[in-house]
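Working notes, beginning with the structure itself.
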Amino acid sequence: MILIPVELTRVVREALAALQAEGKLPAFDLPALDVRSSKRAGQGDYSVALMGLAKPARMNPAQIAVLVAEQVMKPDYVAKAEAVAPGYLNFWLDEAWLKAQADAIIAEGEVLGELAEGQGKRAQVEFVSANPTAPLHIGRSRGAIVGDTMARLLEAAGYAVEREYYFNNAGAQMRALGNSLRIRYLEALGLPYEMIDDERKSFYQGNYLKDFAAQLVAEVGDSWLNKGYEAFKLYAEVKMFEMIKATLARVDIQHDVFFNENTLYDSGANDAVLERLDRAGYIYRAAAPETDGGAPDDDDAKEAGKGEAIWFRSSRFGDPKDRVMVKSSGEPTYTLPDIAYHVNKLERGFDLAVNVLGADHNTQYQVVRNGLTALGYDADKVHVIIVQLVALLRGGEVVRMSSRAGNFETLDDLIDQTSPDAVRYMLLARSSDTHLNFDLDLAVKKSNDNPVYYIQYAHVRCAGIFREAAARGVTDDGADLSLLGEPEMRFLRKALELPEVIADSVEFFEPHRIAFYALELANIFHPIFDSVRVLGVDVPPELAAARLRFFKAAQAIFRRSLRLMGMTTPEVM
RNA sequence: GCCCCUGUAGUUCAACGGAUAGAACAAAGACCUUCUAAGUCUGAGGUUACAGGUUCGAAUCCUGUCAGGGGCACCA
C-alpha cells in the first residue's frame with residue numbers, strides 16, 4: 001500500500017514548481033500543502049486546498065487550481081484531477097486500480113499498511129512504570145494501553161521498538177510494603193499484631209498482601225518470624241511483579257526491559273548528572289530556593305528548617321520554581337534519577353523516546369525536560385504523552401480509587417468483568433488529552449453499545465462467509481476484481497487510508513486514531529455484508545469469486561487494525 | 001495566585017486552519033425461510049460554554065471571562 005496523501009502532495013508540489021519554471025506562476029516559496037482524503041462524496045477521493053497560494057502568487061486561487069489540474073502528472077492510480085472553486089484540487093482514484101487493491105491488501109498480510117518512514121530508526125516507549133507496591137489500577141491502565149498501542153503503531157511505521165518499564169524498588173513506599181506484608185504474615189500465623197500510628201498510616205490494606213502472606217506461610221511456615229521488613233519487601237516485590245506482568249499479559253502487553261532506578265545510583269549516573277549540572281552553573285546549595293514561584297501556603301520557614309539542600313535552577317527554563325535534587329538528608333529526590341534516566345535513554349541512541357505519563361506527573365516531566373536542556377541534550381527527542389485521568393463510573397456515580405485504602409478497581413477486576421478486548425478498546429478510544437469516564441456498567445454490558453463487538457463482529461462475519469464457502473466448495477480462484485461494485489469500492493477507499501492513519505498516529509503521538517478508524521471501517525462494512533452476498537442463489541459464480549476475494553481483503557484490514565490495537569481477531573462470536 | 005488538560009447533538013466522544021461540524025448510544029418508525037439480527041434501513045436531533053481578535057477561511061490559533069478535572073513537596 002502507498003501513502004497516497006504524501007505521494008499526491010509531492011505530485012502537486014512538482015506541478016507548482018513546473019508552473020513556476022514555465023513562468024505561468026510567479027516565483028515564491030511554497031507554503032505547506034496537505035493533500036488529505038476527502039470527507040464528502042462528490043469532492044473526489046483526495047483533495048488539497050490551494051487558497052493559501054493566492055496571496056504569495058497574487059492570483060485568484062481558483063485559477064491556480066485550474067493551472068495545477070492541467071499541469072499535474074497524474075499517477076496511474078488517479079483517474080481525474082479536477083479544480084473546484086474557490087481553489088480546491090480534487091483527485092479521483094482510478095476504479096480499476098481501486099478494485100485491484102483487494103489483492104494488494106491480501107498480499108501484504110501481517111505487515112499490512114507498514115510504512116518506510118521509521119526504517120532503520122530505533123524508538124523506545126516507556127509506559128506503566130508503576131512501582132511494585134500494588135496491583136495495577138485503572139489510572140495506570142490507560143497509560144498502559146496507550147503506550148502499548150503507540151509501540152505497535154511505531155512498529156507499523158517501521159521503527160524498531162523497545163518497550164520499557166521504569167521502576168523503583170527502594171524508598172519509603174517499598175519499605176511500607178515489606179512491613180505491611182510482615183504484619184499480614186504474622187496475622188496469617190494467628191499472631192495478633194498491634195500497629196503503631198506510623199505503621200497504620202502506611203499500611204497497605206489490599207487483599208493481595210493477605211494472599212502473599214498465605215503463600216509465604218505455605219512456603220516457609222513460621223521460620224520468618226524474626227525477619228525484618230527487608231526479606232518481606234523482597235518477597236512482596238517478586239510476587240508483585242509476577243502479578244503485574246500477568247495482568248499486563250492478559251491485555252497482550254509485554255515489556256522488553258525493566259529498568260531499575262537503583263542502577264542509576266550504583267553506576268554513579270546520578271552523581272555524574274549532578275556534577276555536569278553543577279559545572280554548567282545550574283546547581284546551588286541552600287536552605288531555601290532562590291525562586292519559589294509563589295506557591296500557595298508556601299512556608300519558607302518550614303523549608304528552611306530542614307537544612308541545606310541541593311537545588312537545580314529549573315527556573316532558568318521557565319519553571320516557576322527551582323527544584324530540589326538532593327535533600328538535606330543527603331538522599332536524592334526522584335527528580336535527579338529521573339533526569340539521569342532520561343540521559344541514559346538518550347545515550348542509548350534511540351532516535352525517539354516516547355514516555356507515557358499520567359496528568360498528575362505533568363509538572364515532573366517539565367523539570368526533566370529542563371534538566372536535559374541544561375545538559376545540552378535535545379529534549380525534543382523525548383516525547384511525552386500525558387494521559388488525563390480516568391474516572392470510574394458505576395450507576396452514574398464516581399467510584400473513588402485509592403490503592404492504600406484497598407477499595408480500588410484494579411485492571412484485573414475490570415478484565416474479569418468485561419474482556420481484555422473491551423478494556424483495550426475503551427481505554428484507547430479517546431484522545432489522551434481528554435478525561436476519560438469509564439462507565440463500568442456499560443463496559444460490563446455485552447451488547448452493541450460496546451463498539452468493540454461491532455468491530456470484531458465484522459471480522460467474524462468474514463470468517464463465517466469463508467467457512468460456508470468452503471463447505472459449498474466455492475472458491476475465489478481466478479477472481480475478476482473488476483466485477484466489484486460501488487459498495488465494495490467504498491470500503492476499499494477507506495481501507496486504503498490505513499497507512500495514513502498509522503502515519504498520523506505516529507506523527508501526532510495519537511494512538512486513539514486507530515480506534516476511530518476501525519469503527520469507521522466497521523460502519524462501512526456491515527451494510528455491505530447485508531447487501532453484497534457471496535453465496536446467494538442469484539449470484540453468478542464469477543461474481544461470487546470476486547466478492548469472496550473482496551471479503552478476504554476486508555478481513556485482512558480488520559485483522560490488522562485489531563492487532564494494532566492489541567485486540568483479538570475472533571473467528572466466531 | 002501560578003501551570004497543564006477539557007468544555008461540540010439528550011449522553012459518550014471524533015474532526016493535523018479548509019468545502020454542508022461527524023460517529024456511536026439513547027429516543028421514533030420499518031426489516032430475520034436468505035454467508036451469524038452482536039446486523040440493516042428511514043427520519044429527527046447543533047448559536048462548537050461566552051465575548052472579542054487574527055485569517056480569504058476558526059470547533060481548531062491568540063486574548064479575556066465562566067465552568068469542570070489535575071498539579072504547584074527536601075513524596076514517587
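Convention: sequence-line order gives letters A, B, ...; per-chain numbering from 1. Just so it is clear, the model here is predicted, and its values are computed rather than measured.
Not one side-chain nitrogen or oxygen of A:His459 sits closer than 4.0 Å to the OP1 or OP2 atom of B:rA38. A close approach under 4.0 Å does not occur between any side-chain nitrogen or oxygen of A:Lys321 and OP1 or OP2 of B:rC72.
Each of B:rU55, B:rG70, B:rA38 was ranked by its minimum atom distance to the side chain of A:Lys55; first place goes to B:rU55. Side-chain atoms of A:Ser431 lie closest to B:rA14 of the nucleotides B:rC35, B:rA14, B:rC13. Comparing B:rC56, B:rG70, B:rC74 by their closest approach to the side chain of A:Ala309 singles out B:rC74. The listed nucleotides are B:rA14, B:rA19, B:rU40; the one nearest the side chain of A:Tyr454 is B:rU40. Minimum atom distance to the side chain of A:Met573 is reached by B:rA38, of the listed B:rA76, B:rA38, B:rC74. Comparing atom distances between the A:Leu389 side chain and each of B:rA23, B:rA37, B:rG70 picks out B:rG70 as nearest. In this structure, of B:rA19, B:rC75, B:rU40, it is B:rU40 that holds the atom nearest to the side chain of A:Asp530. Set against B:rA19, B:rC13, B:rU40, the side chain of A:Asn437 has B:rC13 as its closest nucleotide. Here B:rG18 is the nucleotide among B:rG18, B:rC41, B:rC74 with the atom lying nearest to any side-chain atom of A:Tyr88. Of the candidate nucleotides B:rG39, B:rC35, B:rC16, B:rC35 has the atom nearest to the side chain of A:Glu468.
Within 4.0 Å of A:Val572, counting heavy atoms only, lies at least one base atom of the nucleic acid. A:Gly52 comes within contact range of at least one nucleobase, with a heavy-atom separation under 4.0 Å. Within the nucleic acid shown, A:Val460 comes within 4.0 Å of at least one base atom, counting heavy atoms only. Across all strands, A:Val387 comes closer than 4.0 Å to no nucleic acid atom at all (heavy-atom distances). Using a 4.0 Å heavy-atom criterion, one finds that A:His361 contacts the bases of the nucleic acid, with or without backbone contacts as well. Residue A:Asn168 is in sugar-phosphate contact alone, with no base atom involved, counting any heavy-atom pair closer than 4.0 Å across all strands shown. Among the protein residues, A:Gly464 comes within range of the sugar-phosphate backbone only, with heavy atoms under 4.0 Å from sugar or phosphate atoms but none that close to a base. As judged by a 4.0 angstrom heavy-atom cut-off over every strand, A:Arg467 is placed among the base-contacting residues. Contacts of A:Phe466 with the nucleic acid, taken as non-hydrogen atoms under 4.0 Å apart, are absent.
With hydrogens and angles left out, the side chain of A:Tyr334 and the base of B:rA76 share a donor-acceptor pair within 3.5 Å. Residue A:Asn90 places a side-chain atom within donor-acceptor reach of the base of B:rA19, judged by atom type and a 3.5 Å distance cut-off alone. Side chain A:Ser47 to base B:rA19: a donor-acceptor pair is found below 3.5 Å. In the interface, the side chain of A:Arg461 is not paired with the base of B:rC35 through any donor and acceptor atom under 3.5 Å apart.
One atom, CG of A:Asp34, and another, P of B:rA19, lie 13 Å apart when rounded to the nearest Å. Atom CG in A:Asn523 sits roughly 14 Å away from atom C1' in B:rC13 (whole-Å rounding). For the pair A:Arg323 CZ and B:rC75 P, the computed distance is 13 Å after rounding to whole Å. For the pair A:Tyr425 OH and B:rC13 P, the interatomic distance rounds to 13 Å; values are reported in whole Å. The nearest whole Å value for the distance from the CG atom in A:Asp319 to the P atom in B:rA73 is 11 Å. Rounded to whole angstrom, the span from the CG atom of A:Asp322 across to the P atom of B:rA73 amounts to 13 Å. Distance A:Glu331 CD to B:rA76 C1': 12 Å, rounded to the nearest Å. In this structure, A:Tyr204 atom OH and B:rC75 atom P are separated by 15 Å, rounded to whole Å.
A donor-acceptor contact under 3.5 angstrom links the side chains of A:Glu164 and A:Tyr341, judged on distance only. In the model, A:Asp338 has a side-chain atom that pairs as donor or acceptor with a side-chain atom of A:Gln364 under 3.5 Å. With no hydrogens or angles considered, no side-chain donor-acceptor pair links A:Arg493 and A:Ser37 at under 3.5 Å. With hydrogens and angles left out, the side-chain atoms of A:Tyr284 and A:Asp322 include a donor and acceptor closer than 3.5 Å.
A residue-by-residue look at A:Val326 and A:Val84 shows that A:Val84 has its nearest nucleotide of RNA chain B further toward the 5' end. Toward the 5' end of RNA chain B, the nearer of the two residues A:Arg140 and A:Leu436, judged by each one's closest nucleotide, is A:Leu436.
In this structure, CD1 in A:Ile64 is found 5.0 Å from CG in A:Leu53, a value given to the nearest 0.5 Å. Taking CZ of A:Phe525 as the reference point, atom CG of A:Asp530 lies at 9.5 Å (rounded to 0.5 Å).
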Exercise for review: For side-chain contact (heavy atoms from CB on, under 4.5 Å), just list the numbers for A:Met150 and A:Val506, CA-CA rounded to whole Å, side-chain angles, deciding distance to a tenth of an Å, and then say yes or no.
Suggested key: CA-CA 7 Å; A:Met150 192 68 239; A:Val506 166; 4.2 Å; yes
Practice item. Take A:Phe317 and A:Gln366 through the side-chain contact (heavy atoms from CB on, under 4.5 Å) test and state the conclusion after the steps. Key: CA-CA 9 Å; A:Phe317 303 95; A:Gln366 294 292 352; over 6 Å; no
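Remark: the separation of the P atoms in B:rG43 and B:rA23 is 12 Å, to the nearest Å. A distance of about 40 Å separates the C1' atoms of B:rA15 and B:rC75, rounded to the whole Å. For B:rG45 and B:rG1, the P atoms lie 43 Å apart once the distance is rounded to whole Å. Rounded to whole Å, the separation between the P atoms of B:rU42 and B:rC25 comes to 14 Å. B:rC41 and B:rA14: their C1' atoms are spaced 24 Å apart (whole Å). On the C1' atoms, B:rA59 is 14 Å away from B:rC13, given to the nearest whole Å. Comparing the C1' positions of B:rA67 and B:rG53 gives an interatomic distance of 23 Å, to the nearest angstrom.
The aromatic rings of A:Phe259 and A:Tyr166 sit tilted relative to each other, their planes meeting at an angle between 30° and 60°. Ring orientation note: the planes of A:Phe167 and A:Phe241 are nearly perpendicular, at an angle over 60° on the 30°/60° scale.
Salt-bridge annotation for A:Arg313 and A:Glu290: present, with a side-chain N of the basic residue lying under 4.0 Å from a carboxylate O of the acidic one.
Residue A:Asp319 is tested with A:Lys321, A:Arg323, A:Arg316 for a side-chain hydrogen bond (donor to acceptor under 3.5 Å, both in side chains); the sole match is A:Arg323.
Anti is the conformation of B:rC13, whose glycosidic angle sits further than 90° from 0.
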Point to revise | Intra- and inter-strand pairs of RNA chain B in dot-bracket (Watson-Crick or G-U wobble, both distances under 3.5 Å; | for another strand) | key: (((((((..((((....[...))))..((((.......))))......(((((..]....))))))))))))....
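Between A:Phe491 and A:Phe529, the ring centre distance reaches or exceeds 6.0 Å.
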Check your understanding: Which parts of nucleotides 3-10 of chain B does protein reach within less than 4.0 Å, heavy atoms only, written one letter per nucleotide 5' to 3' as B for base, S for sugar-phosphate only and - for none?
Key -> -SBS----
